[in-house]
Amino acid sequence: MPNTSRSIPDEWFNRDFAKQWDETAFEGNHARAEHLNIILSAVQKEYQAGKTILDLGIGSGQLEAAIFTQRPEADIVGVDYSPAMLELARIRLRSFLEQCVMIQHDFTDLESLCLPQKQYQIAISVQALHHIPHQNKLEVFKYLYRILEDNGIFLLSDRIAIDTTHLSHIYTHFWEHLEQQAQIKSGWSGEYYVQQRLPQKADYPATIEELLTLLQEAGFYAACLHLQMDRALIAGIKKA
Ligand SMILES: C[S@@+](CC[C@H](N)C(=O)[O-])C[C@H]1O[C@@H](n2cnc3c(N)ncnc32)[C@H](O)[C@@H]1O
């Protein structure tokens with residue numbers, strides 16, 4: 001059992017934290033594999049050679065490594081503010097660096113973000129936008145809507161806010177069910193995850209309703225493709 005007496009900050013600028021996150025990304029996130037697979041399958045079928053995929057919060061490049069395995073001709077731009085995570089991504093993607101531009105930038109400051117001039121067909125963001133306040137999420141969605149081509153696709157996988165006050169015991173049971181089924185186990189009990197770990201997090205998850213509303217406000221057609229407890233995969237399509 002983990003030590004529950006202290007909070008668990010996300011220290012993306014700390015190299016040890018980044019390495020540890022990279023090594024344990026699937027622990028305690030029972031939907032991650034399914035979300036990455038759905039995104040990969042969409043990219044496999046939809047990506048048009050010559051166009052570009054943008055990943056906001058590219059992190060250590062786990063998803064990109066899989067994309068390049070399937071679509072070695074892909075062109076990708078990844079944004080992330082953590083030098084430690086980008087360093088891991090550069091190592092992981094070393095054979096594809098000419099096709100994968102990485103930009104170190106904070107996406108709460110979009111005004112100064114200088115993306116290469118490309119035809120952005122697909123945007124992706126996995127487990128990154130819950131780190132920024134809702135107003136910034138809306139700005140990110142509007143930005144993506146602006147830079148994507150008509151009918152461009154946005155795939156957003158993220159941790160969402162759930163009502164752990166009123167549905168605590170239900171979520172606790174569900175967590176334990178998911179943990180039991182999981183191939184990669186965290187070893188966390190449902191009680192620890194729902195009552196201690198989630199409330200300790202210093203971030204800004206939105207409810208599924210809030211995310212869909214923000215995406216629609218930015219102009220997207222939006223739908224939830226997959227929802228499992230506090231993890232959602234949402235698709236947005238830029239209206240032509
Ligand atoms: C949980 S990791 C996910 C990485 C990757 N998307 C994946 O799923 O493998 C979250 C990433 O978001 C980045 N991040 C968080 N807040 C950010 C911000 N305001 N601007 C840019 N990157 C940010 C972190 O540095 C980290 O690499």
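In each ligand, atom 1 is the first atom listed, and ligand 1 is the first ligand listed. All values derive from a computational prediction rather than experimental measurement. Reckoned from all heavy atoms, side chains included, excluding hydrogens, waters and symmetry mates.
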So is Trp21 touching ligand 1 or not, going by heavy atoms under 4.0 Å? yes
Mark up the atoms of ligand 1 that fall under 4.0 Å of a heavy atom belonging to Ile132, in ascending order. 19 (N)
In ligand 1, which numbered atoms sit nearer than 4.0 Å to a non-hydrogen atom of Gly59? 4 (C), 27 (O)
Could you tell me whether Gln183 atom CD has more than 12 heavy atoms of other residues or ligands within 6.0 Å of it? no
Would you mind running through ligand 1 and noting each atom that sits below 4.0 Å from a heavy atom of His131? 15 (C), 16 (N)
Among protein heavy atoms, which sits nearest to atom 22 (N) of ligand 1, and what does the distance come to when rounded to 0.1 Å? Tyr81 N, 3.2 Å
Within ligand 1, which atoms have a heavy atom of His105 less than 4.0 Å away? 20 (N), 21 (C)
Partner of Met102 by side-chain contact (heavy atoms from CB on, under 4.5 Å), out of Leu97, Val77, Val79, Asp80: Leu97
Look at atom 5 (C) of ligand 1 and say which protein heavy atom is nearest, naming residue and atom and giving the distance to 0.1 Å. Gly57 O, 3.3 Å
Ion pair Glu34/Arg231, N-O distance below 4.0 Å: no
Determine, for Phe154 and Lys238, whether the Lys NZ or Arg CZ falls below 6.0 Å from the six-membered ring centre while staying within 45 degrees of the axis. no
Around Gln181, counting heavy atoms of other residues, nucleotides and ligands shown, do more than 12 lie under 6.0 Å from its CD? yes
Quick note on ligand 1: atoms under 4.0 Å from a heavy atom of Gln127 include exactly 1 (C), 2 (S), 3 (C), 10 (C)
Going by the atom numbers of ligand 1, which of them fall below 4.0 Å from some non-hydrogen atom of Val126? 3 (C), 5 (C), 6 (N), 8 (O)
Atom 25 (O) of ligand 1: the protein heavy-atom neighbour that sits closest, reported with distance to 0.1 Å: Asp80 OD1, 2.6 Å
At a non-hydrogen distance cut-off of under 4.0 Å, which region of Trp12 contacts ligand 1 (side chain, backbone, both, or neither)? side chain
Geometric N/O contact Asp106 with ligand 1, under 3.5 angstrom: yes
Among all the protein's non-hydrogen atoms, which is closest to atom 20 (N) of ligand 1, and how far away is it? Phe107 N, 3.0 Å
Residue portion contacting ligand 1 (non-hydrogen atoms closer than 4.0 Å) for Arg32: side chain
Of the backbone atoms (N, CA, C, O) and the side-chain heavy atoms from C-beta on, which set of Ile58 has a member under 4.0 Å from an atom of ligand 1: side chain, backbone, both, or neither? backbone
Under 4.0 Å to a heavy atom of Met85 - the qualifying atoms of ligand 1, by number: 27 (O)
Take a 6.0 Å sphere around NZ of Lys19 and say whether it holds more than 12 heavy atoms from other residues, nucleotides or ligands. no
For residues Val101 and Ile124: do they belong to one hydrophobic cluster (side chain heavy atoms under 4.5 Å, members Ile, Leu, Val, Met, Phe, Trp, Tyr)? no
May I ask you to check if Arg197 and Tyr192 form a cation-pi contact, with NZ or CZ under 6.0 angstrom from the six-membered ring centre and within 45° of the axis? no
Using a 6.0 Å cut-off, check whether atom CZ of Arg90 has over 12 heavy atoms from anything other than its own residue. yes
Any atoms of ligand 1 less than 4.0 Å from a non-hydrogen atom of Ala128? List them with their elements. 12 (O)
Would you give the length of the straight line joining atom NE2 of His30 to atom CD of Glu179, rounded to the nearest 0.5 angstrom? 4.0 Å
side-chain hydrogen bond (donor to acceptor under 3.5 Å, both in side chains) with Glu149: which of Gln119, Gln48, Gln121? Gln119
